[in-house]
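Read through the structure below, which is laid out as structure tokens, and then see the notes.
All figures in this text were calculated on a predicted structure; none of them were measured in a lab.
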Amino acid sequence: MLHAPLWIVALSLIMCGSFGSQGRPGCFVDGGEEALQVVDDTGAGAGRTHRVENQCTATDPHCSDLVEGAAYAAGEVAGDSSAHPQAPSAADPLLQLDRARSLLDQANAALNRGLPVDSRRLAQHAAHVLQQADESNALSGLLTWTLSSWEWFRVLSLKARVASTGGNATEAIVALRTAVQILESSPPRSTSPVDGRPMEMEIIATLMDLSGEQMVAQLYSDSLATLRHVELYQPAGADSRKHFAKVVSFQRGKTLRCANQLEASEIEYHKGLALAKDLDEVGKSETAAELVKRMNELVEVLNWRHSTAEAKQIAADAAAIAGWPDPMQRPVHRFQAGLRSAPWLELDAFPTVATLAELLIDHSQMLRDECDSLVNGRAFRRQTECLHDPTRGSWGYIAVVGDADPALCTTATTPAACRWVAAAQKLVGAAEIVRVGYSKVNPSAWIRPHTGVDNTQLKLHLGLRVPDEAACATFTIGGDVRGWQQDRVIFFDDTYEHSVWNNCTTARTVLQVVIRHPDFHSD
């Protein structure tokens, strides 16, 4: 049996109204936007609301599929198979396709609105619908549609986007490579038939996505080669060419940074910043957020090269643009003013967090035993954030609860940690726990100076295995050097510049818990 491969997911979207085929059955038409909410109880002590963006009209018969999709998602989280809606009879596979298209259109809309969890769940329900159909007939129905090369390009681009959201860089790379080949070999066209964007810009954007995915997959030579391919497309107009060169320089700087070619990376970042200044982008609100991210990456490269004076100056410049009160604190994705902040935080000042810390300590033996078994089973995933020195020891992580879906816990691999998460959510509320995972820093590893990205979150570390050699494993944040203690909790704001050394002969392991800042209220 097939399992709804991603090209079917993307192809189904092609056949809906998002590609101009307004009269096809099962496709959503433009209409009012409404939010459907399904609240489920995961058994962890708090309900979670699944918010799904809907673009269908109230009279569209396929709106009911969206409700079913949300109900399916809720049942899946709660472990209740009875909540999974039954697909219609397989006697009409085209009806199944129509229902799947409706769900997939909503999955794409949710992805566009920054709701990857809901998008994935709706797509899963669409797969469930397809799997109930007579799939040979359903596929025959798909093949009755004749797609232009442009539509195939859109199929592959969407497939790459879904794969990337799911963390599958390899699949995204294959799709993007093919997408570029199709578009480059197509008859010349001045603009995109969908959004009017110049076709060369469409190719450039796809190539830039490909370079980024190659960088994530640690295919650095491929990523740099793709950037050389990008440079074959030179837009008209002096400012457009400068903007183009700036974007390429920053992307090349990021790739070289991850490849540990730090001197070359620094040169590219400086090129990008010089072009941004020529374009008068410094200080403009529409370009400031992206610019300070690139400046922060350059600060990291300079620190890694021990060019600390220049790093401090550029950090100060970035802070002035972004409005950060301290150049050592650089939350490049989100900064919320007015939150209590310091590199090291005192538990006594945050009673709810102190309660969580006590719960961690109470479960420390159980968590240590589980972490030890994961270490022995070599279950830790090597981190690929380009933060640790690749010439030294490595850094590994196992997710327990992650950003992709804070309501789901990896009970199959980390049952003990999931029991702690359930107890913590019951104690403080599910929304307060953002991420949980085991972290292992191997001997001789250096996690180089960097900053967290969001000051509405804070971190706790419970020491599980801390080498007893004198001060051989250290944590520096905001210029203050400390260490870990076994069965003790440290509490800090990781948006301040921080780094980790393990000069011990054994690994250091902790349970890391990311929580919402107690002073932050999302409304």
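Side chains of S265 and R252: no donor on one and acceptor on the other come within 3.5 Å. E358 and H363 are not linked by any side-chain donor-acceptor pair at a separation below 3.5 angstrom, with hydrogens and angles left out of the test. Checking Q214 against T226 by side-chain atom types alone, a donor-acceptor pair falls below 3.5 Å. Between the side chains of N296 and R330, at least one donor N or O sits under 3.5 Å from an acceptor N or O. A donor-acceptor contact under 3.5 angstrom links the side chains of S364 and D487, judged on distance only. A side-chain N or O of E370 and one of Y438 form a donor-acceptor pair less than 3.5 Å apart. Remark: the T495 side chain and the Q329 side chain contain an N/O donor-acceptor pair separated by less than 3.5 Å.
A side-chain donor-acceptor contact under 3.5 Å links N168 to the backbone of E171. With hydrogens and angles ignored, the 3.5 Å screen pairs no side-chain donor or acceptor of N502 with any backbone N or O of A473. A donor-acceptor pair under 3.5 Å links the side-chain atoms of Q486 to the main chain of V466, judged by distance alone. Formation of a donor-acceptor pair under 3.5 Å by the S499 side chain with backbone atoms of H450 is not found in this model. S223 places a side-chain N or O within donor-acceptor distance of the main-chain N or O of S211, the cut-off being under 3.5 Å. In this structure, the side chain of S249 does not engage the main chain of K246 through any donor-acceptor pair within 3.5 Å. Between the H498 side chain and the Y496 main chain, a donor and an acceptor come within less than 3.5 Å of each other. Without hydrogens or angle criteria, T255 side chain to Q251 main chain gives a donor-acceptor distance under 3.5 Å.
Exactly one residue among I490, L360, V510 makes a side chain to side chain contact (heavy atoms under 4.5 Å, CB included) with L462. That residue is L360. When the options F475, W395, W304, W501 are evaluated for a ring pair (Phe, Tyr, Trp, His ring centres under 6.0 Å) with W446, the one that passes is W501.
In this structure, the side chains of W484 and L464 stay at 4.5 Å or more apart for every pair of heavy atoms. Two residues are said to be in side-chain contact when any heavy atoms from C-beta on lie closer than 4.5 Å; V436 and V514 fail this criterion. Taking the side chain as every heavy atom from C-beta outward, E184 and I203 approach each other to under 4.5 Å. Considering only heavy atoms from C-beta on, Q336 comes within 4.5 Å of L339 through its side chain. Counting only heavy atoms from C-beta outward, the side chains of R305 and E266 approach each other to under 4.5 Å. E497 has its side chain out of reach of I477: every pair of non-hydrogen atoms, C-beta onward, lies at least 4.5 Å apart. A heavy-atom distance below 4.5 Å is not found between the side chains of R334 and V453. Looking at heavy atoms from C-beta onward, V513 lies in side-chain contact with W420 at the 4.5 angstrom threshold.
Taken to the nearest 0.5 Å, the OG atom of S307 stands 9.5 Å off from the CD atom of E263. To the nearest 0.5 Å, atom CD of residue E213 and atom CD1 of residue I173 are 6.5 Å apart. Here the straight-line distance linking atom CZ of F491 with atom CG of L356 works out to 9.0 Å at 0.5 Å rounding. Remark: K242 NZ to D239 CG distance equals 6.0 Å, nearest 0.5 Å. Between S444 atom OG and N503 atom CG the span is 8.0 Å, to the nearest 0.5 Å. To the nearest 0.5 Å, atom CZ of residue R241 and atom CG of residue L275 are 12.5 Å apart.
At most 12 heavy atoms of other shown residues, nucleotides or ligands fall within 6.0 angstrom of atom CZ in R488. Open room surrounds NE2 on H243; 12 or fewer heavy atoms of other groups in view lie less than 6.0 Å from it. Enclosure of atom NZ in K293 by more than 12 non-hydrogen atoms of other residues, nucleotides or ligands within 6.0 angstrom is indicated. R482 CZ: more than 12 foreign heavy atoms inside a 6.0 Å radius. A 6.0 Å sphere centred on CD of Q485 holds no more than 12 heavy atoms belonging to other residues, nucleotides or ligands.
Comment: E300 does not engage R448 in a salt bridge, judged by the lack of any side-chain N to carboxylate O separation of less than 4.0 angstrom. Salt-bridge check for R228 with E231: failed, with every basic side-chain N at 4.0 Å or more from each acidic carboxylate O.
Relative to the six-membered ring of F492, K459 misses at least one condition, a distance below 6.0 Å or an angle of at most 45° to the axis. In this structure, R340 forms a cation-pi arrangement with F350, its terminal cationic atom sitting closer than 6.0 Å to the ring centre and no more than 45° off the ring axis.
What you find for T506 and P443 is that their closest heavy atoms are C-CG, 3.6 Å. The two atoms that bring C386 and Y220 nearest to each other are SG-OH, 4.4 Å, heavy atoms only. When all heavy atoms of V299 and A315 are compared, the closest pair comes out as CG2-N, 3.6 Å. Here the closest heavy-atom approach between residue V174 and residue T178 is recorded as O-OG1, 2.9 Å. The two residues G393 and A445 make their nearest non-hydrogen contact at O-CB, 3.4 Å. When every heavy atom of S394 is checked against every heavy atom of N442, the shortest pair comes out as OG-ND2, 2.8 Å.
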Start with the C-alpha gap between V332 and W324, add the side-chain angles, then the distance that decides, and say whether side-chain contact (heavy atoms from CB on, under 4.5 Å) holds. CA-CA 10 Å; V332 295; W324 302 324; 3.8 Å; yes
From CA spacing to verdict: side-chain contact (heavy atoms from CB on, under 4.5 Å), T474, V500: CA-CA 6 Å; T474 57; V500 172; over 6 Å; no
Give the intermediate values and the outcome of side-chain contact (heavy atoms from CB on, under 4.5 Å) for residues Y397 and Q512. CA-CA 10 Å; Y397 187 79; Q512 176 175 279; 4.2 Å; yes
Might you work through the side-chain contact (heavy atoms from CB on, under 4.5 Å) test for N260 and T391, ending with a clear yes or no? CA-CA 9 Å; N260 207 40; T391 66; 4.0 Å; yes
